[in-house]
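Take a look at the structure set out below.
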Amino acid sequence: MKNHYLLILVLLSNFIFGQNKQFLYEYKFIPDSTNKADIKREIMVLNIQKDRSEYYSSVRYESDSTQYAAYQKGINSMPPGNPLVNEWVTKYPNSNQLVHTVMLMSDKYKVKQDVELNWKLTNEFSKILNYNVQKATTEFGGRKWTAWFTKDIPIQDGPYKFKGLPGLILKIEDSNKSHVWELKGIRSNQEPFVYPDLNNYRIIQLNYNQFVKKFKDYRQDPTADLVGQIPDQHDWTGKWRTSAEIIKEMNTEALERLAKDNNLIEINLLK
């Protein structure tokens, strides 16, 4: 009788959490390590499907969805909203391989990467959203991380590239609290999920080592790939500007912006 009851519980949990689910996390982060008072916030979605999970910004998704709907009607609209996070992570069950999609200037990079996290479980317990959670620690991307996971949700996944614990990660933060994700809600998603593809970026596929080199080159010269891509033209005031002048100005602005984006999740990318 006891074994029969346990079997029912297992089947019930698989029924509840085997369906398409969206886990909504509040992501708090400090982009500039020299200005720790400036804390940004974005709602991130972990969309669980049968064959994969998708992690992305809810603001970016709404923006892309609105634009996609407009394009379908032949309307070329400006993107609504102002997403702070412009990257996606696709993970696969029973696999260490993931695809990290990153925007660099005018191109979209799809980076295949193997990530195997060495988790250390502790005997510390707490509660998040009435779920019993257990503490675990790991190191990744040049940072030390503390996660709280629950076996009550039997999904071995979490926000960003984090996964591999015996239950869903409800909260995770680095030791400096520069990057903190915490679950805020769960909703069902009955329809098969397809991220709206605007097809307005060049897509480049790289392995992780190739991406690291590209990323470091980009941080040094953000507009290198734009040479020859922008024609001489009049600006909005009617002034004639050469391609070189436009790209130089764009490069200066990009370098200023990147200088304030010095506290990455994977901080080792800046070394």
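Residue numbers run from 1 in the order of the sequence given.
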- Picking from D107, N209, D225, what satisfies side chain to side chain donor-acceptor pair (under 3.5 Å) with K214? D225
- Query: Quick one: are Y208 and D114 in side-chain contact, heavy atoms under 4.5 Å?
  - Reply: no
- Does the pair L117 and L165 meet the rule for a side-chain contact (heavy atoms from CB on, under 4.5 Å), with working shown? CA-CA 9 Å; L117 300 172; L165 283 166; over 6 Å; no
- Message: Return the CD to CG distance between Q134 and L121, rounded to the nearest 0.5 Å.
- Response: 4.5 Å
- Message: I'd like to know if K91 and D157 make a salt bridge, using a cut-off of under 4.0 Å between side-chain N and carboxylate O.
- Response: yes
- Query: Which residue, Y27, Y25, Y55, forms the side chain to side chain donor-acceptor pair (under 3.5 Å) with W181?
  - Reply: Y55
- Message: Looking only at the side chains, is there a donor atom on one of K161 and H100 sitting less than 3.5 Å from an acceptor on the other?
- Response: yes
- Message: What's the separation between atom OG in S188 and atom NZ in K21, rounded to the nearest 0.5 Å?
- Response: 3.0 Å
- Item | Closest approach of F149 to P166 (non-hydrogen atoms, all atoms of both residues) | CE1-CG, 3.5 Å
- If we ignore angles and hydrogens, is there a donor and acceptor under 3.5 Å between the side chains of S33 and N262? yes
- Task: Report yes if the side chains of M105 and T223 come closer than 4.5 Å at any heavy-atom pair, otherwise no.
- Result: yes
- Task: Verify whether one side chain among N47 and Y56 offers a donor that lies under 3.5 Å from an acceptor in the other.
- Result: yes
- Query: Do Y109 and V85 belong to the same hydrophobic cluster, where Ile, Leu, Val, Met, Phe, Trp and Tyr are linked whenever their side-chain heavy atoms lie under 4.5 Å apart, directly or via other members?
  - Reply: no
- Message: If the test is side chain to side chain contact (heavy atoms under 4.5 Å, CB included), which one of E173, R143, K28 qualifies with H179?
- Response: R143
- Check P31 against D38 and note the closest heavy-atom contact, atom names and distance. CD-O, 3.7 Å
- Message: A quick test of your reading: do over 12 heavy atoms of other residues, nucleotides or ligands sit less than 6.0 Å from CG of N94?
- Response: no
- Item | Between CD on residue E87 and OG on residue S57, distance to nearest 0.5 Å | 10.0 Å
- Could you check I246 against Q233 for side-chain contact (heavy atoms from CB on, under 4.5 Å), going step by step and ending with a plain yes or no? CA-CA 9 Å; I246 296 171; Q233 58 190 276; 3.6 Å; yes
- Item | Rounded distance [0.5 Å steps], CD1 in I247 versus CG in L226 | 5.5 Å
- Message: Whether R219 and D217 form a salt bridge (side-chain N of Lys/Arg under 4.0 Å from carboxylate O of Asp/Glu) is what I want to check.
- Response: no
- Message: Looking at N130, I'd like to know if its CG atom is crowded, meaning that more than 12 non-hydrogen atoms belonging to other residues, nucleotides or ligands lie closer than 6.0 Å.
- Response: no
- Query: Is K108 positioned over the aromatic face of W88, cation under 6.0 angstrom from the ring centre and no more than 45 degrees off axis?
  - Reply: yes
- Hey, would you say the F140 and W145 ring centroids sit under 6.0 Å apart? no
- Task: Quick one: closest heavy-atom pair of P222 and L258, and the distance?
- Result: CG-CD1, 3.7 Å
- Do Y160 and E266 have side-chain atoms, one donor and one acceptor, less than 3.5 Å apart? yes
- Message: Just by distance, no angles: are the side chains of K135 and T122 close enough, under 3.5 Å, to form a donor-acceptor pair?
- Response: no
- With a 4.0 Å cut-off, would you call R60 and E62 a salt bridge? no
- State, yes or no, whether a side-chain contact exists between V99 and Y92 at a heavy-atom distance under 4.5 Å. yes
- Could you state the interatomic distance from CZ (F215) to CD (Q220), rounded to the nearest 0.5 Å? 11.0 Å
- Note on the structure: When rounded to the nearest 0.5 Å, the distance separating OG1 of T150 from CG of L129 is 10.0 Å
- Query: Is there a donor in the side chain of N263 and an acceptor in the side chain of S178, or the other way round, less than 3.5 Å apart?
  - Reply: yes
- Kindly determine whether I153 and I186 satisfy side-chain contact (heavy atoms from CB on, under 4.5 Å), including the steps that lead there. CA-CA 11 Å; I153 304 179; I186 305 171; 4.0 Å; yes
- Given side chains that start at C-beta, do those of L270 and L264 come closer than 4.5 Å, heavy atoms only? yes
- Show your working on side-chain contact (heavy atoms from CB on, under 4.5 Å) between V59 and Y61 and close with a plain yes or no. CA-CA 5 Å; V59 180; Y61 176 75; over 6 Å; no
- Item | Residues K120 and T138: side-chain donor-acceptor under 3.5 angstrom | no
- Item | I48 and Q22, any side-chain heavy atoms less than 4.5 Å apart | no
- Query: In terms of heavy-atom contacts, does NZ of K127 have more than 12 from other residues, nucleotides or ligands at under 6.0 Å?
  - Reply: yes
- Assess the side chains of N118 and E116: does a donor N or O sit below 3.5 Å from an acceptor N or O? no
